[in-house]
Colleague: 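Before I ask anything, here is the structure I am working with.
Keep in mind that what you see is a predicted model, and the values were worked out from it rather than measured. Just so it is clear: chains get the letters A, B, ... in the order the sequence lines come, proteins before strands, and each one is counted from 1.
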Amino acid sequence: MRRGLIDSYYLMVRGLRDALRQPEVELTNIFIPMFFFAVTVGAIGSVAGVAFGVDNFLGFQMPVAVLQAVAGVAGSAGLGTVTDIERGYFDKLLLTPAPRLSLVFGRICADGVRAMALTAIIVVTGLIFGSGMETGIAGVFLIIIMGGAFGLAYAGIGMSIALRTGSPQAAQAGFLLFFPLLFLSPAFAPKEVFAPWLEFLATINPITYILQGMRDLVLEGWDLRSLLGALASIAGFATVTLTLTLAALRSRTA
Amino acid sequence: MSAIVASDLKKHFTEDIRAVDGIDLDVPEGQLFAFLGPNGSGKTTTVRMLTTLLRPTSGYGEVDGLDITRAPGEIRQRIGVALQEAGLDDNQTGRELLELQGHLYRLPADEVRKRARRLLEVVDLLDAADRNVKSYSGGMKRRLDLAAALMHNPRVVFLDEPTTGLDPISRETIWAYVRELNEREGVTFFLTTQYLEEADRLAHDLAIMNLGKIVARGSPQELKASIGTDVVTVQLDEPHVTRDRAIEVLRALDGATEVRAATNEVVIYVKGGSRAIANVVRILDEAQIAFDEVSLTHPTLDDVFIQKTGHHITEDSDQPEEVA
């Protein structure tokens, strides 16, 4: 166990070094959510109060930008793994005595750290432009940790597809899968204004609870139930995606 | 003691695709063993099974006294592997790559640094050690891959076509280093190759593989001597027109044990080759078959391969060249 964690640490450092040496990838990961953040707030922000009773639409949208950025980062976990497979480097790692779980966990952890960094950038940008933070500095840290945890959980999707298929195109589907989940959540308007069928889908969508947990930290203050809902959703998401990843890893190395 | 053992080892991907179809091997410790065969013959699949990357369909395999299916983790600790494609991470530097390798093999941190430096020196990459691997040439990558395989002082090293695609100078560098490690430190090498010269010059012992089976086994000298004849090769002027007729008339050559056709030539295995040349020329003249050249060689591993499989082993194509 201890050995596996040490190996994961070395592989995480390698993943982070990889990211630092490709700054263009990180710029894309931050640019797209920031662009949507700015455009959505610019387009709907002034009418959001009248339309669906949201006065601080900047704060309302900030968690959406965070989740978009995190999903972008985590989606690339699959691409990195496909690159390793194509280069033959994944075989090289499989040939070391490192536990196979560490080979996957190290890269996923690196994505978790990258997700935390992007979350911090978005939250600080939101604060500069007046989103506010009802839970103060503790809330800021909590959102950053939740961003990292969701990144870690979401990376499992791209990773499992990558291990299963070894195809870069398929691995990118990990990021694309995020959009239906986002649009079936109260990303742009509260759930209460949804049509009943959409409200039902939003209710069973785990993204809804992660979004709500972060949003309450920004707009409402401490709400233990909302926070636990978000953390439970992230944990559930992680359980499913990491199980899929382990199954894919087992099938690749069988 | 045996470093590598295989007994009826098989890997069948489907009923029709039998990549490895029941091979037996026994490679003694400290030997430099070459596994020779064309692309698609099953060499790489054998290496992947012996290095625990692929589970055999059936049969038994052992590396350094450990069962490949029961103790894969311990085997990985004891072996070094450089696979066919230099498996490297382009975004790391050479030094970082070796150091990560050392950490994953659980070497103490100060030893990791020392050993990485030493190996970079040995494979002549110290000047490029802090450059990203993506800037390395093919030869540099191969050398770095070899260094990575040796980072933890393995007792058995598998090299899957370590010199494919390299220029002659890089190839010589790798050969020299492999030979030195084998002689000086007694490291066992299991080397797959499609370069006959490589197997001939490096290996103590070799096996020839074709279509998933081992078709010959012995030292290069033993295998070449097993042919028992000299080889006379006739380059025909119009091979597509005259080849069959040439084979027919040359079968009457005194002392010929076998006459085969390759793409543009006829190969005659004959006792007393130097005396036979004059007769070959006479027979072809009498039959009015035009030819460009008649040459005499002693048997090569390619001749062994042809005799055992009916194919040339070619270095540039995916499939063995057909021999009529």
Colleague: More than 12 foreign heavy atoms under 6.0 Å from CZ of A:Phe36: is that the case here?
Modeller: no

Colleague: Please look at A:Gln22 and chain B and tell me whether the side chain, the backbone, both or neither of the residue comes under 4.5 angstrom of a heavy atom of that chain.
Modeller: side chain

Colleague: Indicate yes or no: at least one non-hydrogen side-chain atom of B:Leu100 is less than 4.5 angstrom from one of A:Leu11.
Modeller: yes

Colleague: Check each atom of A:Leu93 against the heavy atoms of chain B and say whether the ones under 4.5 Å are side chain, backbone, both or neither.
Modeller: side chain

Colleague: Side chain, backbone, both or neither: which part of B:Asn132 has a heavy atom under 4.5 Å from chain A?
Modeller: side chain

Colleague: Any idea which heavy atoms bring B:Arg106 and A:Ala98 closest together, and the distance?
Modeller: NH2-CA, 3.8 Å

Colleague: Is A:Arg21 salt-bridged to B:Glu96, going by a charged N under 4.0 Å from an acidic O?
Modeller: yes

Colleague: More than 12 non-hydrogen atoms from neighbouring residues, nucleotides or ligands closer than 6.0 Å to CG on B:Asp110, yes or no?
Modeller: yes

Colleague: With a 6.0 Å cut-off (strictly less than), is the heavy-atom count around CZ of B:Arg117, excluding the residue itself, greater than 12?
Modeller: no

Colleague: Would you call A:Lys92 and B:Asp89 a salt bridge, taking side-chain N to carboxylate O under 4.0 Å as the test?
Modeller: no

Colleague: Considering residues, nucleotides and ligands other than A:Phe141, do more than 12 of their heavy atoms fall under 6.0 Å from its CZ?
Modeller: no

Colleague: For atom CZ of A:Phe129, decide whether the heavy atoms of other residues, nucleotides or ligands shown that lie under 6.0 angstrom number more than 12.
Modeller: no

